[in-house]
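See structure below.
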Amino acid sequence: MKSAYIHIPFCSSICSYCDFCKFFYNGDLVDKYIDSLIMEIKDNYKGEELDTIYIGGGTPSSLDLKQLDKLLSFISNSLKVSKDLEYTIECNVMDITLEKLELFKKYNINRLSIGIESFNKDILSFLERDYTKEDIIEKISQAKQYFTNINIDLMYAVPNETLDILKEDILEFLKLDIPHISCYSLMIEDHTKLGIKDTNYISEDLDYSMYKLIEDTLEENGYDHYEISNYSKPGYESRHNLCYWKNHKYYGFGLGASGYIANYRYTNTKNLNKYLNGNYIAEKEIITKELNASNYAILGLRTKYGINKKEFKDNIGEDINQYFDTSDLSENDDSFYLDKSKWYIENSILVKFI
Ligand SMILES: C[S@@+](CC[C@H](N)C(=O)[O-])C[C@H]1O[C@@H](n2cnc3c(N)ncnc32)[C@H](O)[C@@H]1O
Ligand code: SF4
């Protein structure tokens, strides 16, 4: 076990599209939640040296300074970490303050992931994100005084978005000179404001044109498209997310978090009362050889690294090309992988691996 995900399910405001496990910030609830989270980690962490820690949400940066201090000091006193630790915290633009940045630094956090989504005021308003392009520029400049390893989340395929609006968003992103970006096509989920209003998706053709515009512009500017939704400058890939995509094991702590330990994957309850009462795990799934083989494919083929041949053989006991029909895949010395030109239609190919 080399990685741990820690979920903070609170946000200062709720966005129209979001189906993540989250609640509107409430100070008393957050205090109780941190106590329960600490208990869960104490009960389950087995003392391994971790290479990556990722505090995600919800919005971890919505916690106040005292709450963040309590959580981060517990983590640094209790989890053993490697010298080369990648330690990420997710932030919302308007939560960024010099005090919080200093606190993150004090506790050795070395990577920020900031949800920006767009620089365009109409898109931000549609997504119910309460800041402007000028706020983004100011907050990113503060963040860069403390951190170089920063990710920005961008969303595209928002209704009424045009290729010109997206082009402008990418240009604004490039001006910020940030080494990593995650680009997500808007998903309209049932139990969100957008889902309830029966919002329509943009056309598939436009979605594809947007995907290609992002890929072409970022590659021309030195970003490596290393996973369907992720681009980085050399050396800035998300090591934590690569742990998921390589089908490696990891702890998941917190409300609704999932993890993969021993021979099972588990998902924690999304019921806050149950969680506060110490009933953490809601579901466990034993990972059979067949499921494990499928997971190597479904996860690995999202990335340029593909499925490592040796790891597959060591874990599944057979060569990949004996186990699966690999005719859609490309091959190099170490791995079988899906050519980048096929990523956009990946789902239709993955069917063969499930
Ligand atoms: C946990 S949030 C990031 C941190 C913080 N909560 C924020 O929103 O600023 C993770 C990211 O998932 C993406 N996301 C969330 N819901 C989505 C949806 N329905 N469709 C596409 N992307 C989504 C957004 O880009 C968002 O920034
Ligand atoms: S997108 Fe981020 S800030 Fe918005 S509701 Fe979801 S987790 Fe909270």
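Both counts, for ligands and for their atoms, begin at 1 and track the order of listing.
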Heavy atoms only, cut-off 4.0 Å: how does C15 contact ligand 1, side chain, backbone, both, or neither? neither
Should the proximity of E90 to ligand 1, defined as any heavy atom under 4.0 Å, be assigned to the side chain, the backbone, both, or neither? side chain
Do the side chains of L71 and I8 get nearer than 4.5 Å, heavy atoms only? yes
Proximal atoms of ligand 1 relative to F20 (non-hydrogen, under 4.0 Å): 1 (C), 10 (C), 12 (O), 15 (C), 16 (N)
With heavy atoms of N92 as the reference, note each atom of ligand 2 found under 4.0 Å away. 3 (S)
Could you work out, with ring-ring contact (aromatic ring centres under 6.0 Å, His included) as the rule, every residue matching Y45, not counting sequence neighbours? Y251
Quick one: does E189 get an N or O within less than 3.5 Å of an N or O on ligand 1? no
Y33 ring center near Y275 ring center (under 6.0 Å): yes
Lys NZ or Arg CZ of K2 over Y250 ring: under 6.0 Å, within 45°: no
Taking K352 first and then D328, would you say they form a salt bridge - that is, a charged N and a carboxylate O separated by under 4.0 Å? yes
Lys/Arg N to Asp/Glu carboxylate O, D28 vs K32, below 4.0 Å: no
Which of the ligand 1 atoms, numbered from 1, are nearer than 4.0 Å to a heavy atom of G57: 1 (C)
Geometry only, no angles: is D19 polar-contacting ligand 1 at N/O separations under 3.5 Å? no
Just jot down the ligand 1 atoms closer than 4.0 angstrom to any heavy atom of L186, in number order. 20 (N), 21 (C)
Hey, is S113 one of the residues with a heavy atom under 4.0 angstrom from ligand 1? no
Proximity of Y184 to ligand 1 by residue part, where a heavy atom lies under 4.0 Å: side chain
Is it true that R265 and E285 have a side-chain N and a carboxylate O under 4.0 angstrom from each other? no
May I ask you to identify the nearest protein heavy atom to atom 21 (C) of ligand 1, giving residue, atom name and distance to one decimal place in Å? S185 O, 3.4 Å
Can you list, by chain and residue number, the protein N, O or S atoms under 2.8 Å from atom 6 (Fe) of ligand 2? C18 SG
Contact between R129 and ligand 2, counting heavy atoms under 4.0 Å? yes
Whether the side chain of Y184 engages the backbone of L154 through a donor-acceptor N/O pair (distance < 3.5 Å, no angle test) should be reported. no
Salt-bridge contact E318-K289 (side-chain N to carboxylate O under 4.0 Å): yes
Closest to atom 9 (O) of ligand 1 by heavy-atom distance, out of E117, M187, R129, is R129
Cluster companions of I14 among Ile, Leu, Val, Met, Phe, Trp, Tyr (side-chain spacing under 4.5 Å): F24
Residue, atom and distance of the protein heavy atom nearest atom 17 (C) of ligand 1 read Y17 CD1, 3.6 Å
Short N-O contact, D31 and K70, less than 4.0 angstrom: no
Do any pairs count as a side chain to side chain donor-acceptor pair (under 3.5 Å) and have a residue in residues 71-84, sequence neighbours left out, and if so which ones? D51-S82
Look at D224 together with K304 and state whether they make a salt bridge at an N to O cut-off of under 4.0 Å. yes
protein heavy-atom neighbour closest to atom 3 (C) of ligand 1 works out as D153 OD2, 3.7 Å
